[in-house]
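Both counts, for ligands and for their atoms, begin at 1 and track the order of listing.
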Amino acid sequence: MIKAVRGTRDLLPPETALWNFVEAAVRDVFRAYNFQEIRTPIFEATELFARGVGEETDIVAKEMYTWEDAKPEEQMANGWLRRQSLIFRNALPSLSKDRPRWVVETRDTVFPLEAEIAPRITTLERLQSFSRLAREVRPNVRPLLLHSTDFAIGEQFRVEAERLGVELVGIEVDPPQRLTLRPENTAGVVRAYIEHKLWDRGLNKLYYIGPQFRRERPQKGRYRQFYQIGAEVIGPASAGSESPARDAEVLEMLATLLDRLGITDWNLELNSVGTPADRVQFNEALRKALDPVKEKMCGDCQRRAVTNPLRVFDCKVPEDQPIIETLPRITQFLGEDSRKHFDAVQDILRSVGVEFHTNDRLVRGLDYYTRTAFEFTHGALGAQNAILGGGRYDGLSEALGGPSAPGIGFAIGEDRLVMSLKETAESVLRRPDVYVAPLGAGMNGEAARLARELRRHDMVVELGDDGFRLKKSFEAATKAGAKYILIVGENEVKTDAFALKNLATGEQVSVPRAELVQKIRA
Ligand code: HAM
């Protein structure tokens, strides 16, 4: 049996009703704050995430679904060339220095070939099959350049090649484009902002709902395909994108949304991770503090201590935690502007009555954050307790080659949000108001006509089949959870009054066609 891939899952009814309930509330709330929907592709160029999210983050370093986007035959040719290059590179140490060298050049590699006659023939034979393959898949290939430091041997090679009928052509290996299933959506939104020059619109308030992909170890609340509901506020600073009012508005909107969904026991953790300028000093202090202790830490931390010390705070290894506890905190390094901004955000939150806690260990696992960073956690979620996370990314647009465009946003883990609802699928699902049961052969048409009328009045109607006996119709109606069953038999059609039975109370009445809607609604 073929099963859903590890870390992915099917969302089935009635569970999906909860997802719809959440998404309807989200769209309602976002509308009230004047956010509009954006839909970006599910895959993007790998480089977008490498540059946007950061090479040293767990997401980019370990968790992305990335592939090379080449046609199968191109993959074959490229693969062949790379394998050859590896073979020759591995053979290199055994080549003596005084022998003349052959060099094969492709656009991205240069590798020497053994120039002795016997290995040369193998090489030529390989080239023969390669040149055939190359011609088949890329008729317009550019020649592969073969150089020799020795003219005489070069000439021998040429003659030999001619004898074998080898055209000395190779393939130009354009590295195939690397693509990645999006692990998050902020980089994609900012890419779209730049690509479509959205700064012309001033301040952009955008939201998205959709799947994201990370190769994480699956567990409760953590999936390899998961869903995010996110929003981003981005635009030129002149449009107010940098104002602490935007940070506070986003946070207040989240509090409103969670309250509206009936999720009450959330906890907002707030920090400022400073500007890149603030972080220069902080990183230096971190490196200094890590230097004498990093040997005792996990491999990842040892690497991060050198390349990107802030990422040490992402470490989940229990043995490393006591060391991390002693490290300097960003709060001590915030410049005047960052400090003021952070204070202003907190003031507005107090003024609108949104509770929060500051947490100076919170740095978030993505490199683009600047200044405000936050997470909402929820007690009932267990180990994966972050229901959502976000923050400012004032330099992201520039890092992606765009103009200055400060921004702030968040993403809610929809899977986790649904897990923390008090509502049940049953409580939000709309079961059929009525099950229309045609009774006796030839009654399907009449029943369909009635069902159509009722559905026009915005009723949820399940329609049976005149092949069912009455008992089977009752069973089907009960299984569907219908409130009423409506019998459409010959007699009923003749008198234009229909037997309507309340499946909960057992009460049955005959109702004229014109009164059906009113009676079922009552
Ligand atoms: P993030 O913290 O990586 O931020 O993800 C946001 C939320 O997505 C998490 O708090 C969690 O609820 C959910 N999530 C993450 N990974 C998984 C997973 N494997 N399974 C289930 N849920 C998961 C971002 O993605 C940023 N783009 C947020 C943002 C938007 N920052 C600014 N704008």
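- Ionic pairing of Arg350 and Glu355 is not present here: no N-O contact between side-chain nitrogen and carboxylate oxygen is shorter than 4.0 angstrom.
- With contacts defined as side-chain heavy-atom distances shorter than 4.5 Å, the pair Phe49/Pro183 qualifies.
- Within the structure, every pair that satisfies the side chain to side chain donor-acceptor pair (under 3.5 Å) test and touches residues 36-53, not counting sequence neighbours, is listed here: Arg27-Glu37, Glu37-Arg39, Thr40-Asn185, Glu44-Arg191, Thr46-Thr180, Glu47-Arg51.
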Which atom pairs, nitrogen or oxygen on both sides, join ligand 1 and the protein at under 3.5 angstrom?
residue: ligand 1; atom: 2 (O); partner: Arg364; partner atom: NH1; Å: 2.9
residue: ligand 1; atom: 2 (O); partner: Arg364; partner atom: NH2; Å: 2.9
residue: ligand 1; atom: 3 (O); partner: Arg214; partner atom: NH1; Å: 3.0
residue: ligand 1; atom: 3 (O); partner: Arg214; partner atom: NH2; Å: 2.9
residue: ligand 1; atom: 4 (O); partner: Arg364; partner atom: NH2; Å: 3.0
residue: ligand 1; atom: 5 (O); partner: Gln228; partner atom: NE2; Å: 3.2
residue: ligand 1; atom: 8 (O); partner: Gln228; partner atom: NE2; Å: 3.2
residue: ligand 1; atom: 10 (O); partner: Ala386; partner atom: O; Å: 3.4
residue: ligand 1; atom: 12 (O); partner: Ala386; partner atom: O; Å: 2.9
residue: ligand 1; atom: 12 (O); partner: Ile387; partner atom: O; Å: 3.2
residue: ligand 1; atom: 12 (O); partner: Gly413; partner atom: N; Å: 3.3
residue: ligand 1; atom: 16 (N); partner: Arg214; partner atom: NH1; Å: 3.4
residue: ligand 1; atom: 19 (N); partner: Glu216; partner atom: OE2; Å: 2.7
residue: ligand 1; atom: 19 (N); partner: Tyr223; partner atom: O; Å: 2.8
residue: ligand 1; atom: 20 (N); partner: Tyr223; partner atom: N; Å: 3.0
residue: ligand 1; atom: 25 (O); partner: Arg214; partner atom: NH2; Å: 3.1
residue: ligand 1; atom: 25 (O); partner: Gln228; partner atom: NE2; Å: 3.0
residue: ligand 1; atom: 27 (N); partner: Glu184; partner atom: OE1; Å: 2.6
residue: ligand 1; atom: 27 (N); partner: Thr186; partner atom: OG1; Å: 2.9
residue: ligand 1; atom: 27 (N); partner: Tyr368; partner atom: OH; Å: 3.0
residue: ligand 1; atom: 31 (N); partner: Tyr369; partner atom: OH; Å: 2.6
residue: ligand 1; atom: 33 (N); partner: Thr186; partner atom: OG1; Å: 3.1
residue: ligand 1; atom: 33 (N); partner: Glu232; partner atom: OE1; Å: 2.8
residue: ligand 1; atom: 33 (N); partner: Glu232; partner atom: OE2; Å: 3.1
residue: ligand 1; atom: 33 (N); partner: Phe410; partner atom: N; Å: 3.3

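- Partners of Asp247 under the side-chain hydrogen bond (donor to acceptor under 3.5 Å, both in side chains) rule, at least two apart in sequence or in another chain, are His341, Thr372, Arg392.
- Ion pairing of Glu56 with Arg303 is present here, as a side-chain N (NZ or NE/NH1/NH2) and a carboxylate O approach within less than 4.0 Å.
- Among residues at least two apart or in separate chains, side chain to side chain donor-acceptor pair (under 3.5 Å) pairs with a member in residues 7-22 are Arg9-Asp415.
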